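This one's a predicted model, so the numbers in the text were calculated from it and none came from an experiment. Below, chain A is the first sequence line, B the second, and so on; all start at residue 1.
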Protein chains: 2
Amino acid sequence: MVRRDPDRTRQEILEAAFHEMYRHGFQATGLEAILERTGVTKGALYHHFRNKTELGYAVVDEIVRPWMLERWRAHFEDTTDPVTALKRVMTAILDEMPEDVILFGCPLNNLTQEMSGVDEGFRVRLESIMEEWRGSIADALRRGQVQGSVRADVDPEATALFLIASWEGMAGVAKSLQDRAQAAAVLGVLGELVEGLRPARPVAGATA
Amino acid sequence: MVRRDPDRTRQEILEAAFHEMYRHGFQATGLEAILERTGVTKGALYHHFRNKTELGYAVVDEIVRPWMLERWRAHFEDTTDPVTALKRVMTAILDEMPEDVILFGCPLNNLTQEMSGVDEGFRVRLESIMEEWRGSIADALRRGQVQGSVRADVDPEATALFLIASWEGMAGVAKSLQDRAQAAAVLGVLGELVEGLRPARPVAGATA
DNA sequence: GCGGAGACATACCGACCAGTATGTATCATG
DNA sequence: CATGATACATACTGGTCGGTATGTCTCCGC
């Protein structure tokens, strides 16, 4: 074909690889499927990536990472009312996204479960994404505590990790049951419990 | 070797297969590893199982399923105070089990994430295990409602699914961070939230 | 306008591994 | 004690798939 547009070619490979990895997992993804999907040849692929593992790393770094962070981080970057923001982002994400995430789960979680025990390179990359995610939630909780919209006795780090765990667990359950309504029900329970993070009676200065 | 003890041979194959699948996932598990682990030969393996997939199914049915259910079901088979039982079973499981589950996650969750999207036979089996698990929790919650140890307005099915999701999410997070303390912290938050399932003021007849 | 490097394309290889073919030892049964 | 069936053991195969060797085309610097 001779496309002669290296950046675009590389990006297309990454996206196709993500598409396949998301659906079938990394190990079950064949290079052939990626090539067929992009029209790119094997020579081009190996020109841009040293091997399949490096391609996987690049997908994590350049696709999964922004995919996760932009979805969450932006939603409560500057909020002082993290509880409301949390509930909003959860329902927003659940509504906005197509059947994908219901059927295939959360990309971060999928890869973590599959690859953390198999390849250390994957593990550290996926862990750092999770830590960033956690940090953004914990920061928001701390700001909420300063502003009085979150109880002072909650542990921001532990709570943030719990929220991530519940979210990922929900995605896993939905993937297993293949049912959006069940996922919504789980999030409903989580939403109610999250309300418990607010102080019993609003303190002066609370945004809520 | 000629062991001539088919039941035991079969069981040993299943356990070795579980061992490998638990650590590396189903797809990454090679038959060779199982053979080496058991001392059984390929002929014996294929005498007991039609192919690798059938072996995987048998592992799910005969190892993973009892492994999960006996760990949970027994703990609150007849309890009327599911909240206390839940907190107890969670800490009990976390304490009792070796580094395995911290490092490798929950077998049910691992297989679900890896195989649900790849093979329908795995999906339905894993889903049915989760449904049984869910049912046992939901039943306990309902008994708690009858006895007044659980708020009447909680949805037993949705709450049970939420608890499972959180638990599985915790296991996933622990697997990623490879840190038992973090897992305990997540369970601590969950434990507090679970307390919120109790009625605000005890009703007559409550066991708590 | 030419040389070299980057950006592909094509054909091929070799290893791994699930699966099979075939052989043999043991046991139950009549 | 002959016979069939069960329970293995061993050697081999066939296909898939990640990886490579090699060639070609294009663009850019000089």
Side-chain angles (χ1 to χ4, degrees), chain A residues 1-60 62 111 114-115 117-122, chain B residues 1-60 62 111 114-115 117-122:
Chain A
M1 188 185 275
V2 188
R3 172 95 54 52
R4 219 66 194 168
D5 189 345
D7 290 349
R8 190 181 154 203
T9 300
R10 183 189 150 89
Q11 192 63 23
E12 281 181 7
I13 293 173
L14 284 175
E15 281 164 14
F18 172 72
H19 184 94
E20 295 295 325
M21 286 168 59
Y22 186 23
R23 268 140 239 264
H24 313 299
F26 175 72
Q27 307 183 80
T29 292
L31 297 183
E32 226 64 41
I34 298 173
L35 302 182
E36 197 172 351
R37 228 182 136 59
T38 50
V40 163
T41 64
K42 191 169 280 193
L45 194 154
Y46 274 89
H47 174 71
H48 286 282
F49 303 97
R50 293 227 307 277
N51 50 41
K52 189 189 174 188
T53 304
E54 292 290 329
L55 172 59
Y57 292 169
V59 167
V60 172
E62 300 175 41
L111 283 173
E114 184 195 356
M115 299 305 296
V118 178
D119 183 286
E120 183 68 8
F122 272 97
Chain B
M1 186 183 278
V2 187
R3 173 99 50 51
R4 217 66 196 170
D5 189 344
D7 290 348
R8 189 181 153 203
T9 300
R10 184 189 148 88
Q11 193 63 23
E12 282 181 9
I13 293 172
L14 284 174
E15 281 164 14
F18 172 73
H19 184 94
E20 294 294 326
M21 286 168 58
Y22 186 24
R23 270 140 237 264
H24 314 299
F26 174 73
Q27 306 184 79
T29 293
L31 298 183
E32 227 63 40
I34 299 173
L35 302 182
E36 197 172 351
R37 231 185 133 60
T38 52
V40 164
T41 63
K42 192 169 278 192
L45 195 152
Y46 275 90
H47 174 71
H48 286 283
F49 304 96
R50 293 228 308 279
N51 51 41
K52 189 188 173 187
T53 305
E54 292 290 329
L55 171 59
Y57 291 169
V59 168
V60 172
E62 300 174 42
L111 284 173
E114 185 195 354
M115 298 306 295
V118 177
D119 183 285
E120 183 68 7
F122 272 98

(request) Answer yes or no: does atom CD of B/Glu36 have more than 12 heavy-atom neighbours from other residues, nucleotides or ligands under 6.0 Å? (result) no
(request) Output the residues of residues 46-55 of chain B in contact with DNA chain C, where contact means a heavy atom of the residue under 4.0 Å from an atom of the strand; sort by number or write none. (result) B/Tyr46, B/Asn51, B/Lys52
(request) Report the distance from atom CZ of B/Arg8 to atom P of D/dT6, rounded to the nearest whole Å. (result) 22 Å
(message) Less than 4.0 angstrom between a side-chain N/O of A/Thr9 and OP1 or OP2 of C/dC8, yes or no?
(response) yes
(message) From CG of B/Leu35 over to P of D/dT10, roughly how many Å is that when rounded to an integer?
(response) 12 Å
(message) What's the separation between atom CG in B/Leu111 and atom CG in B/Asp119, rounded to the nearest 0.5 Å?
(response) 11.0 Å
(request) Would you kindly give the CG-to-C1' distance between A/Leu45 and D/dT20, to the nearest whole Å? (result) 13 Å
Table please: side-chain donor-acceptor pairs of residues 39-50 of chain B below 3.5 Å, with sequence neighbours left out.
none

(message) Expressed as a whole number of angstroms, how long is the span from B/Asp5:CG to C/dA28:P?
(response) 12 Å
(message) My understanding is that only residues two or more places apart in sequence, or in another chain, count here; which of them pass side-chain hydrogen bond (donor to acceptor under 3.5 Å, both in side chains) with A/Gln11?
(response) A/Glu15
Taking N or O atoms only and anything under 3.5 Å, show me the protein contacts with nucleotides 12-14 of chain C, one pair per line.
none

(request) Measure from the side chain of A/Ala44, starting at C-beta and using heavy atoms only, and say which of D/dG18, D/dC8, C/dC8 lies closest. (result) C/dC8
(request) Sequence neighbours left out, what passes side-chain hydrogen bond (donor to acceptor under 3.5 Å, both in side chains) with B/Glu62? Give chain and number order. (result) B/Arg10
(message) I need the CG-P distance between A/Leu31 and D/dG18, as an integer number of Å.
(response) 4 Å
(message) What is the distance, to the nearest angstrom, from the CD atom on A/Glu12 to the P atom on C/dA7?
(response) 15 Å
(request) Indicate yes or no: at least one non-hydrogen side-chain atom of B/Arg37 is less than 4.5 angstrom from one of B/Glu12. (result) no
(request) Measure across B/Gly25 and B/Glu114 and return the closest heavy-atom pair with its distance rounded to 0.1 Å. (result) CA-OE1, 3.3 Å
(message) Would you compute the distance between atom NE2 of B/His24 and atom CE of A/Met115 and round it to the nearest 0.5 angstrom?
(response) 12.0 Å
(request) Of all the heavy-atom pairs spanning A/Phe26 and A/Thr53, show the shortest one and how long it is. (result) CZ-CA, 4.0 Å
(message) What's the separation between atom CG in A/Leu55 and atom NZ in A/Lys52, rounded to the nearest 0.5 Å?
(response) 9.0 Å
(message) Just the rounded figure in Å: distance from C1' of C/dG19 to CD of B/Glu32.
(response) 12 Å
(request) For DNA chain D, determine which residues of residues 18-30 of chain A have any heavy atom closer than 4.0 angstrom to one of its atoms, and list them numerically. (result) A/Thr29, A/Gly30
